[in-house]
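To start, the structure itself, in C-alpha cells.
Letters A, B, ... mirror the listed sequences (proteins, then strands); counts begin at 1.
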2 protein chains.
Amino acid sequence: MTVRSGATILMEGSASPHLYTVLSGWGFRYKMLDDGRRQILNFVFAGDLIGLQGSLMEEMQHSIEALSTFTLCVFQKDGLPKLFGNLPRLAFDVTWLAAREEIMLDEHLLSVGQRSALERAAYLIAFLYQRAKAVRMLNGQNVIPVTQQHIADSLGLSLVHTNKTLKKLADRKALSWGEGGCSVLDEAVLLDISGWEGLPALKRVYI
Amino acid sequence: MTVRSGATILMEGSASPHLYTVLSGWGFRYKMLDDGRRQILNFVFAGDLIGLQGSLMEEMQHSIEALSTFTLCVFQKDGLPKLFGNLPRLAFDVTWLAAREEIMLDEHLLSVGQRSALERAAYLIAFLYQRAKAVRMLNGQNVIPVTQQHIADSLGLSLVHTNKTLKKLADRKALSWGEGGCSVLDEAVLLDISGWEGLPALKRVYI
DNA sequence: CGCGGTCTTGATGCTGTTCAATTGGCGTGG
DNA sequence: CCACGCCAATTGAACAGCATCAAGACCGCG
C-alpha cells in the first residue's frame with residue numbers, strides 16, 4: 001500500500017482492521033485536544049509497526065499521518081492471535097518493538113517535562129537524525145522532512161518560540177533550515193546541548 | 001517479595017535478571033537528568049508488569065520506586081522466550097500490557113505538552129483515581145499516597161506552582177490534601193476541568 | 001526539644017505565549 | 001507571463017504563566 005504525504009493513515013477512535021509495517025517513508029503519531037491543540041507523540045520510520053493498539057484494543061487512541069510518500073505492508077489484525085500461536089519468534093519481536101516504543105516515549109516525556117526549549121529542540125533533532133540514520137533514510141543533505149510546526153507540536157512549544165529556538169541552533173552551526181526541512185550539520189553539538197546520550201544500542205528487529 | 005515505601009526496585013542502567021508482577025502497593029517509574037531534574041513517567045499499580053524492558057533489552061532505561069509497601073511476584077527473565085514458546089495466551093497478554101502502557105504514556109505526553117497547569121493537574125489526579133479504583137486500591141477516604149513533589153515531577157511543573165494549582169482544585173472542592181496524600185472529592189469536576197474522557201474501557205488482563 | 005520533611009504563601013523575574021506584520025517560494029488561473 | 005493566494009518561515013513587541021527565591025507553619029520522629 002502506498003500513501004501520499006499529508007495523508008492520514010489511521011484515525012483516533014477508528015477500529016482499524018489492519019496492522020501495518022512501514023516499508024519506507026516518514027510519518028508521525030499524534031493526539032489532538034478538542035480545541036485543536038496537537039501533540040506529536042513520536043515519529044514513524046521504516047521497520048516500525050503501526051496499528052498494534054487498534055489490533056489489541058477496541059480502537060486506536062492516536063492518529064498517524066504521513067510526512068512523505070509512505071509505503072506500508074498490510075496485515076489483517078485477526079492474524080495476531082495466530083501469530084502468537086504459530087510464530088513465537090515473531091510474536092516476541094512484536095513485543096520487543098512495543099517495548100522500544102515505550103523507551104522512546106519515556107525519553108520524550110522526560111524532554112517535554114524537564115528540559116528547556118533549547119535542550120528539547122536539540123534533543124529532538126538529534127533523535128530524528130539518529131533514527132533516520134539507523135534505517136538509512138537520509139539523503140545526502142541529511143534533511144529531515146518536517147515543518148517547524150511539526151517540531152513545535154512535538155516539543156510542546158509555540159511555533160514562534162520554536163522558530164527562535166531553532167535559530168539559536170542554526171547560529172551555533174548545529175543545523176540549518178530549508179530545502180523542505182531541517183538539515184543536521186553538527187550532531188555532536190546537538191547532543192552536547194541536549195545532554196542526551198543518544199539512542200541506546202539495541203539489536204535490530206525486522207518484521 | 002516485599003519492598004518498603006521509598007525503596008528503589010529497579011535502577012536505570014541496571015541489567016535486572018528479573019521480571020515482576022505487582023501484587024499490591026503503589027509505585028512509580030521515573031527518569032532523571034544529570035543535574036537532578038526528575039520526570040515521573042507513570043505510576044505502577046497492582047496487576048502491572050515491571051522490568052519488561054530489562055528483560056527484552058540490555059538494560060533498564062528508567063527506575064522504579066515504591067510509594068507504599070509493595071509486594072511483587074518475581075520471574076526469571078530468561079523464562080520470557082519460553083513463555084512465548086509455550087504459553088502464547090500469556091505472551092499475548094504481556095504484549096497487551098505493553099500496548100496499554102503506551103496508551104497511558106501517550107495521554108501523559110499530550111497532557112504535559114499541551115494542557116495548562118490546571119488541566120494537567122486535574123487530569124493526573126483523575127487518572128490516578130480511576131486507575132486505583134479499577135484495581136480496588138482506594139481506602140474509604142480515596143487517598144492517593146503521593147507528595148506534591150511527586151505530582152510536580154509528574155506534571156513537569158515546579159513544586160511551588162503545583163501547590164498553587166492544587167489549591168485551586170481544592171478551592172473548587174475537587175480534592176483535598178492531607179492524611180498522607182490527595183483525597184478525591186469530586187471526580188466529575190476533575191474530568192471537566194481537564195477535558196479528559198477518562199480511561200478507555202479496556203478488557204482486564206491478569207498475569 | 002530540635003530537626004527534617006512537607007505544605008503554604010508572597011514577591012520578583014525569566015521563559016515562553018500571543019498578537020501582529022512581513023517575507024519569499026510555489027502552484028494556479030487569468 | 002504575471003497576478004494572486006496560500007503556506008512556511010521570520011521577526012518585534014507586549015504580555016502571561018510558571019519558575020525561583022525566600023520565609024514560615026505544621027507535624028512526626030529521634
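A:Phe43 and A:Ser154 get closest at one heavy-atom pair: CE1-OG, 3.7 Å. Between B:Phe70 and B:Gly27, the shortest heavy-atom distance links the atoms CE1-N, 3.5 Å. Across A:Leu19 and A:Ser55, no two heavy atoms sit closer than the pair CD1-OG, 3.5 Å. Of all heavy-atom pairs between B:Arg100 and A:Met57, the closest is N-CE, 3.6 Å.
Chain A approaches DNA chain C within less than 4.0 angstrom (heavy atoms of the protein), and the contacting nucleotides run 5' to 3' from C:dG16 to C:dC19.
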Side-chain donor/acceptor pairs under 3.5 Å, residues 167-176 of chain A, sequence neighbours excluded:
none

Scan the side chains in residues 102-109 of chain B for donor-acceptor partners under 3.5 Å anywhere in the protein, sequence neighbours excluded, and list what turns up.
residue, atom, partner, partner atom, Å
B:Glu102, OE2, A:Arg29, NH1, 3.2
B:Glu102, OE2, A:Gln53, NE2, 3.2
B:Asp106, OD1, A:Arg29, NH2, 3.2
B:Asp106, OD2, A:Arg29, NH1, 3.0
B:Glu107, OE1, A:Lys31, NZ, 3.4
B:Glu107, OE2, B:Arg115, NH2, 2.6

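In terms of the side chain to side chain contact (heavy atoms under 4.5 Å, CB included) criterion, residue partners of B:Met1 (sequence neighbours excluded) are, by chain and number, B:Val3, B:Tyr20, B:Leu72, B:Val74. In this structure B:Thr71 satisfies the side chain to side chain contact (heavy atoms under 4.5 Å, CB included) test together with B:Thr2, B:Leu23, B:Ser24, sequence neighbours excluded. Applying the salt bridge (Lys or Arg N to Asp or Glu O under 4.0 Å) criterion to A:Asp34, with sequence neighbours excluded, gives no partner residue. Applying the ring pair (Phe, Tyr, Trp, His ring centres under 6.0 Å) rule to B:Phe45 yields the partners B:Trp26; only residues at least two apart in sequence or on another chain are considered.
When the C1' atoms of four end pairs are superposed on the next four at each end of the helix from C:dC1-D:dG30 to C:dG30-D:dC1, using five pairs per end, the two resulting axes differ in direction by 30°, to 10°.
Screening residues 184-197 of chain A for salt bridge (Lys or Arg N to Asp or Glu O under 4.0 Å), with sequence neighbours left out, gives A:Lys133-A:Glu187. For residues 140-191 of chain A, the pairs satisfying ring pair (Phe, Tyr, Trp, His ring centres under 6.0 Å) are A:Phe28-A:His150, with sequence neighbours left out.
Using a 4.0 Å cut-off on heavy atoms, none of the residues of residues 25-40 of chain B approach DNA chain D.
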Worksheet entry | Per-nucleotide protein contact string for nucleotides 10-19 of chain D, where B marks a base within reach and S marks sugar-phosphate only (heavy atoms under 4.0 Å, - for neither) | BBBB----BS
